[in-house]
Number of protein chains: 2
Amino acid sequence: MKKGKRARLEAHGWRVGNAADFLELSAEESALVETKLALSESVRERRSKQGLSQAELAKRLKSSQSRVAKIEAADPSVSTDLVLRALFALGATRNDVASAIRKGRPVAA
Amino acid sequence: MKKGKRARLEAHGWRVGNAADFLELSAEESALVETKLALSESVRERRSKQGLSQAELAKRLKSSQSRVAKIEAADPSVSTDLVLRALFALGATRNDVASAIRKGRPVAA
DNA sequence: TGACGTAATGTCATATGTGACATAACGTGA
DNA sequence: TCACGTTATGTCACATATGACATTACGTCA
């Protein structure tokens, strides 16, 4: 987590402690939150690696730039479905998604 | 896919060809559908392996038996979020979820 | 056959997610 | 400084997912 992001999420009422600190969430809840975070980060990585703007990705998704921004910010108002659609729209495979979710991988690049 | 399930999904307007046959879905759409199917199957596997009824799982999820049935049937009315919540409620870890999504694994047990 | 536990399916009021829009904030090159 | 492209944030009307409920279907034991 890139520091500053945590503050944003908390502001939105999520209370995310990276692993187990700050715990206010049950194990199930935090597993879900961590999963969504991992997927969101993967969207941003793939999109920027491909040199696309949020607006361009939005077009592919038939969504809007603001929603893409929210996807990448792991805003609680976005569903996991939408995050997955974004990943697939960026050419990710099921295996790519699995890797993004899997714990213990190198955190970036 | 266990044969008969396909018919149900199609009846609901999904048009699921297991891999690439029956294609009416774009690559992105079918990747999403396959992912959701894989997760649904994982819910059923884990639940029955633990000897729980749908009603019992529903209680843990603060949901209802009928919704659990729909989760396992991969009903289009259920979100991926709910499927993930079900998995985590069954004790799955992020890595378990990743494995369920990953392609090419042994199809059952 | 009936009775029982379980799973499937349909419906509905309400909760949550959605795209779209406006606007602000950021970065950066002139 | 301004201008431009991009990203962030807030809001809202509309769409979709939700739990709950009723009902049906299935399996199995007697």
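Per chain, numbering begins at 1; letters A, B, ... match sequence-line order. Everything numeric in this text was worked out from a predicted model, so none of it was measured.
Between the side chain of B/Ser64 and the base of D/dC21, no donor-acceptor pair of N or O atoms lies under 3.5 Å. For a distance-only test at 3.5 Å, the side chain of B/Lys70 qualifies as a donor-acceptor partner of the base of C/dG10. Between the side chain of A/Gln65 and the base of D/dA8, a donor-acceptor pair under 3.5 Å is found.
Between B/Gln54 and C/dA8 there is a side-chain polar atom (N or O) within less than 4.0 angstrom of OP1 or OP2. Side-chain nitrogen and oxygen atoms of B/Arg44 include at least one within less than 4.0 Å of the OP1 or OP2 phosphate oxygen of C/dA8. Contact annotation: B/Ser79 reaches the phosphate of D/dT18 (side-chain N/O to OP1 or OP2, under 4.0 Å). Using a 4.0 Å cut-off, some side-chain N or O of B/Ser63 falls inside it from OP1 or OP2 of D/dG19. Considering only side-chain N and O atoms, B/Arg47 lies nowhere under 4.0 angstrom from the phosphate OP1 or OP2 of C/dT6.
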- Message: Could you go through B/Glu34 and A/Arg94, starting from their C-alpha distance and side-chain angles, then the distance that decides it, and tell me whether this counts as salt bridge (charged side-chain N to carboxylate O under 4.0 Å, His left out)?
- Response: CA-CA 8 Å; B/Glu34 284 178 18; A/Arg94 277 170 61 185; 3.1 Å; yes
- Give the C-alpha distance, both sets of side-chain angles, the deciding distance and a yes or no for salt bridge (charged side-chain N to carboxylate O under 4.0 Å, His left out) between A/Asp75 and A/Arg67. CA-CA 9 Å; A/Asp75 190 291; A/Arg67 200 131 284 274; over 6 Å; no
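Nearest-nucleotide positions on DNA chain C for B/Ala69 and B/Glu56 put B/Glu56 closer to the 5' end. For the pair B/Arg85 and B/Val68, both in contact range of DNA chain C, the more 5′-proximal nearest nucleotide belongs to B/Val68.
When A/Lys36, A/Arg44, A/Arg46 are each tested for a salt bridge (Lys or Arg N to Asp or Glu O under 4.0 Å) with A/Glu72, only one passes: A/Arg44.
For the pair A/Asp81 CG and C/dT18 C1', the interatomic distance rounds to 12 Å; values are reported in whole Å. Atom CD1 of A/Ile71 and atom P of D/dT7 are 13 Å apart (whole Å). One atom, CZ of A/Arg67, and another, P of C/dT16, lie 15 Å apart when rounded to the nearest Å.
Judged by distance alone, the side chain of A/Ser48 and the main-chain N or O of A/Gly51 form no donor-acceptor pair under 3.5 Å.
Nearest to the side chain of A/Ser66, among D/dT7, C/dC21, C/dT18, sits C/dC21.
For the 3.5 Å distance criterion, the side chains of A/Thr80 and B/Asp81 qualify, holding a donor opposite an acceptor.
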